[in-house]
Amino acid sequence: MGVTAIYPGTFDPITMGHIDIAVRACRMFDEVLIAVAKSTPKNTCFSTEERMAMVGEVLADQHNVRVVTMSGLLVERCRELGAQVIVRGIRSVTDFDYEVQMTGMNRQMAPEIDTVFLTPDDRYAHVSSTLVRQIAQLNGDAARFVHPTVYQALQEKFG
């Protein structure tokens, strides 16, 4: 039986940093579920369907990726989908502090599910979806931070 990992996020939009983490997770695990958050306290720029489509398109060459939605508790979604590992990207000490707290809570609720932290390639360590959206909204060039498909979607969204 193979190991299934889940990589959850808002992916609004998916960035080169997210892609880097996902591709590396694909080398580590038999199946990687990219879990796109449905409802989120963040105001998303793209709908759940748009975000799922972008994720699916930019990761289409990864044979062991499946794009799913997520709402509610992550550990419950892991159990529903048979994921044994949660993949989380860490860009900074701030991310690490938050993720360690979350991992501790998840471990209390679901000790059978492990969490793996991956850091993105140095080229993408500073990239966030929020900053990419802000650049695009202000008519800046966000092309180097996202896949061409995502860049096109940003152009269509913000003109």
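The figures that follow rest on heavy atoms only: side chains count, while hydrogens, waters and symmetry mates do not.
- Contact of the Asp95 side chain with the Phe117 side chain is not registered, since no non-hydrogen atoms from C-beta on lie closer than 4.5 Å.
- When atom types are taken as modelled, the side chain of Arg107 and the backbone of Asp114 share no donor-acceptor pair closer than 3.5 angstrom.
- Linking Ile, Leu, Val, Met, Phe, Trp and Tyr residues whenever their side-chain heavy atoms come within less than 4.5 Å places Val65 and Met28 in a single cluster.
- Applying the ring-ring contact (aromatic ring centres under 6.0 Å, His included) test to Phe11 and every residue at least two apart in sequence or in another chain returns Tyr7, His18.
- Once rounded to the nearest 0.5 Å, the distance linking CG of Leu154 with CD1 of Ile135 reads 10.0 Å.
- With a 4.5 Å cut-off on side-chain heavy atoms, Leu81 and Ile6 count as touching.
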Q: Would you please test Val85 and Thr115 for side chain to side chain contact (heavy atoms under 4.5 Å, CB included) and show each step?
A: CA-CA 6 Å; Val85 176; Thr115 300; over 6 Å; no
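- For Ala5 against Ala83, the heavy-atom pair with the smallest separation is C-CB, 4.4 Å.
- A donor-acceptor contact shorter than 3.5 Å is absent between the side chain of Lys157 and the backbone of Phe46.
- In plain terms, the two heavy atoms of Arg88 and Pro8 that are nearest each other are NH1-O, 3.0 Å.
- Formation of a donor-acceptor pair under 3.5 Å by the Arg123 side chain with backbone atoms of Phe145 is not found in this model.
- Between Glu112 and Arg79 the shortest side-chain heavy-atom distance falls below 4.5 Å.
- The hydrophobic cluster containing Val58 does not contain Val68, counting ILVMFWY residues as joined when their side-chain heavy atoms lie under 4.5 angstrom apart, directly or transitively.
- The side-chain hydrogen bond (donor to acceptor under 3.5 Å, both in side chains) analysis of residues 61-73, with sequence neighbours excluded, yields the pairs Glu31-Arg66.
- By the 4.5 Å heavy-atom criterion applied to side chains, Thr10 and Thr44 are counted as neighbours.
- Using a 4.5 Å heavy-atom threshold, the side chains of Leu73 and Arg77 count as separate.
- With hydrogens and angles disregarded, a donor-acceptor distance shorter than 3.5 Å links the side chain of Gln84 to the backbone of Thr4.
- Using a 4.5 Å cut-off between side-chain heavy atoms of Ile, Leu, Val, Met, Phe, Trp and Tyr, with links allowed through other members, Val32 and Ile90 fall into different hydrophobic clusters.
- The heavy-atom pair separating Pro111 from Met109 by the smallest distance is CD-C, 3.8 Å.
- In the hydrophobic clustering of ILVMFWY residues, with side-chain heavy atoms under 4.5 Å counting as a link, Met105 and Val116 come out apart.
- Under a hydrophobic clustering in which Ile, Leu, Val, Met, Phe, Trp and Tyr are joined whenever their side-chain heavy atoms come within less than 4.5 Å, directly or via other members, Leu33 and Met52 fall into different clusters.
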Q: Test side chain to side chain contact (heavy atoms under 4.5 Å, CB included) on Ile19 and Thr15 and set out the steps.
A: CA-CA 6 Å; Ile19 294 167; Thr15 68; over 6 Å; no
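- Closest approach of Asp121 to Arg24, counting heavy atoms only: N-NH1, 4.3 Å.
- Here the side chains of Asp20 and Met16 are not in contact, with every heavy-atom distance at 4.5 Å or above.
- Side-chain contact check for Tyr98 versus Thr94: every heavy-atom pair is 4.5 Å or farther apart.
- Heavy atoms only, all atoms of each residue included: Ile86 and Cys78 are closest at CG1-SG, 3.8 Å.
- Residue pairs meeting the side-chain hydrogen bond (donor to acceptor under 3.5 Å, both in side chains) criterion with at least one partner in residues 140-150, sequence neighbours excluded, are Glu57-Thr149, His147-Thr149.
- Here the closest non-hydrogen pair linking Arg133 and Cys45 is CD-CB, 3.4 Å.
- Arg51 contributes atom CZ, which lies 8.0 Å from atom CE of Met54 (distance to the nearest 0.5 angstrom).
- Residues Val36 and Met70 form no side-chain contact, since every pair of their non-hydrogen atoms from C-beta on lies 4.5 Å or further apart.
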